[in-house]
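The sequence lines fix the lettering, A, B, ..., with proteins before strands; numbering per chain opens at 1.
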Number of protein chains: 4
Amino acid sequence: MWLNINPRDSEPIYLQIIRGVKTAAAKGVLQPGEKLPSVRELATELAVNHNTVAKAYQELERERVIEVIRGRGTFISLDSKPTNLDERLDEMRTSMRNWLVEAHHLGMTTKQFIDMVNEVVDDWTASREAVRHE
Amino acid sequence: MWLNINPRDSEPIYLQIIRGVKTAAAKGVLQPGEKLPSVRELATELAVNHNTVAKAYQELERERVIEVIRGRGTFISLDSKPTNLDERLDEMRTSMRNWLVEAHHLGMTTKQFIDMVNEVVDDWTASREAVRHE
Amino acid sequence: MWLNINPRDSEPIYLQIIRGVKTAAAKGVLQPGEKLPSVRELATELAVNHNTVAKAYQELERERVIEVIRGRGTFISLDSKPTNLDERLDEMRTSMRNWLVEAHHLGMTTKQFIDMVNEVVDDWTASREAVRHE
Amino acid sequence: MWLNINPRDSEPIYLQIIRGVKTAAAKGVLQPGEKLPSVRELATELAVNHNTVAKAYQELERERVIEVIRGRGTFISLDSKPTNLDERLDEMRTSMRNWLVEAHHLGMTTKQFIDMVNEVVDDWTASREAVRHE
DNA sequence: GTGGTCTAGACCACG
DNA sequence: GTGGTCTAGACCACT
């Protein structure tokens, strides 16, 4: 299964689902146009309340990551033009700035911070490649 | 004032305070050994309940960012060896991976992503310098 | 009930709760995976404010003694790897040293002291066995 | 100096003083009949409020560890018959039981606990010997 | 119904 | 005056 949920985690389950779908789509595990399980199917599979899955799907639709076609089901969007682009870029910058502060309090230099980013990017790229060659 | 709070923000106030103190300390606006306002002073100034400030200060103390000296007040730690280092570095890597996913859905390439990180780091470094020369 | 609280005791109630849960867990009265009463249930039962119970539970979670599963409740952890191990072992040694000083002022020899430790350990072991055979 | 105080420590200063005097007496650094500094002298030396030292001395006198002779000064008791013996032995047993619970949550066996006690006792005995041969 | 957050106001230990 | 603890009661996010 391309999606794992941990109800023990402090992150709300619906956010874990959102993140999981986005990650799978970004990695290519889920291809544009590919059908997602229905709300009830996924809820059963993950053993969570279906309202939780529904909430995740709603948010994903709002972000144009997925599309609901009435009567047919839910699909990864073909052309996902993001909403609120500038706003979300700003959020990302803010988040980075906050992690930079955190890094400082963990005794890291800015260089070490950038090295860590590069390391994570390399890992990510490698894991995308792995999916492509499956 | 080196600390601004937005009670309307969805982020809990006590977390905003924590972040604010950490940011000020990382920027050098608050120097090691410097006295922080008392719980009740800061509560008055921010127009929040003193318990909210107390909660923030307790968490900051737990993370060794600040120290309480009995009867005298609260101070920025001189030597703040962080707790749970490995765990928190892992959280950081996870967060970075999530940014990457997010960046992908915003239509960014990895190069653009790394550029953004560098841009944020440069801004941060500049703002630290600005504080130093005040 | 596996937990008794004395609001007149100089020890803060929330610490009594923490100690009570830890003792019950160590004795086997509370088994790993077992559900704890909800914050509000326990508050009602102990006739204390729910915030007091919440504070105790939060600290227990921080120490990995218990786990919160979102929406379902609070449970004794299955695998509780402690945090800050070395630091806490040091605290323990310090406390032992302080007992020794105390024992000296109560006129005890080191042999009598060690006998007392063994006696306490034996009592404890016996009370664990008693729980096991209930 | 036979007494060190750390105002950063979470333990109240007056308790640190009490413990310090008791430890010095138990180790033989302070001999029975030996004169202690006056409240004000000690307060100056430790850079703490003299009320704090006074409170510590009062408690030490109540426990018969020291004796105040009006006009002459304060002295380590010659014959320190402890007060509340049974009660204090019980407190000690309770403290040990609590640390045993703590040890369990740190993953220690009772054997490891007892080993730790023996180790601490040996260290203590060695440090007493060291004082005797100074 | 679960825990998390916040307010307002109180009391206490410590220095 | 400092932080620590507690109560009573409220609102919110999540499941």
Has Gln58(B) got a side-chain N or O lying under 4.0 Å from the OP1 or OP2 atom of dG4(F)? yes
Taking 4.0 Å as the cut-off, does a side-chain nitrogen or oxygen of Thr52(B) come that near to OP1 or OP2 on dT5(E)? no
The correct set of residues in residues 37-51 of chain B placing a heavy atom under 4.0 Å from DNA chain E is Arg40(B), Val48(B), Asn49(B), His50(B), Asn51(B)
Heavy atoms from other residues, nucleotides or ligands near CZ of Arg93(C) exceed 12 (cutoff 6.0 Å) | yes
- Hey, is the side chain of Lys55(C) poking within less than 4.0 Å of OP1 or OP2 on dC6(F), counting only N and O atoms? no
Applying the Watson-Crick and G-U criteria (both distances under 3.5 angstrom) with [ ] for crossing and | for other-strand pairs, one obtains for DNA chain E ||||||||||||||.
Closest heavy-atom pair, Ser77(C) versus Arg64(C), reported as atoms and distance to 0.1 Å, is OG-O, 3.0 Å
Full working for salt bridge (charged side-chain N to carboxylate O under 4.0 Å, His left out) between Lys22(A) and Glu63(A): CA-CA 10 Å; Lys22(A) 283 187 181 175; Glu63(A) 291 192 26; 2.8 Å; yes
**OP:** Take Asn51(C) and Val39(C) through the side chain to side chain contact (heavy atoms under 4.5 Å, CB included) test and state the conclusion after the steps.
**Re:** CA-CA 8 Å; Asn51(C) 287 327; Val39(C) 167; over 6 Å; no
Side-chain N,O (Tyr14(A)) to OP1/OP2 (dT15(F)) below 4.0 Å: no
The nucleotide from dC14(E), dT5(E), dG4(E) with an atom nearest the side chain of Glu61(C) is dG4(E)
Heavy-atom nearest pair, Trp2(B) first then Ala24(B), reads CE3-CB, 4.0 Å
Between Glu59(A) and Arg62(A), is the closest basic N to carboxylate O distance under 4.0 Å? yes
Sorted by position of nearest nucleotide on DNA chain E, 5' first, the leading residue of Pro12(B) and Val68(C) is Val68(C)
With the side chain counted from C-beta on, respond yes when Leu3(C) and Leu42(C) share a heavy-atom pair under 4.5 Å apart, and no when they do not.
yes
Q | Sugar-phosphate, base or nothing in reach of Ile13(C), heavy atoms under 4.0 Å | A | sugar-phosphate
The nucleotide from dT5(E), dC14(F), dG15(E) with an atom nearest the side chain of Arg70(C) is dC14(F)
Below 4.0 angstrom, N of the basic side chain to O of the carboxylate: do Lys35(C) and Glu41(C) qualify? no
Checklist entry - For Arg97(D), does the CZ atom sit with more than 12 other heavy atoms under 6.0 Å from it, leaving out its own atoms? => result no
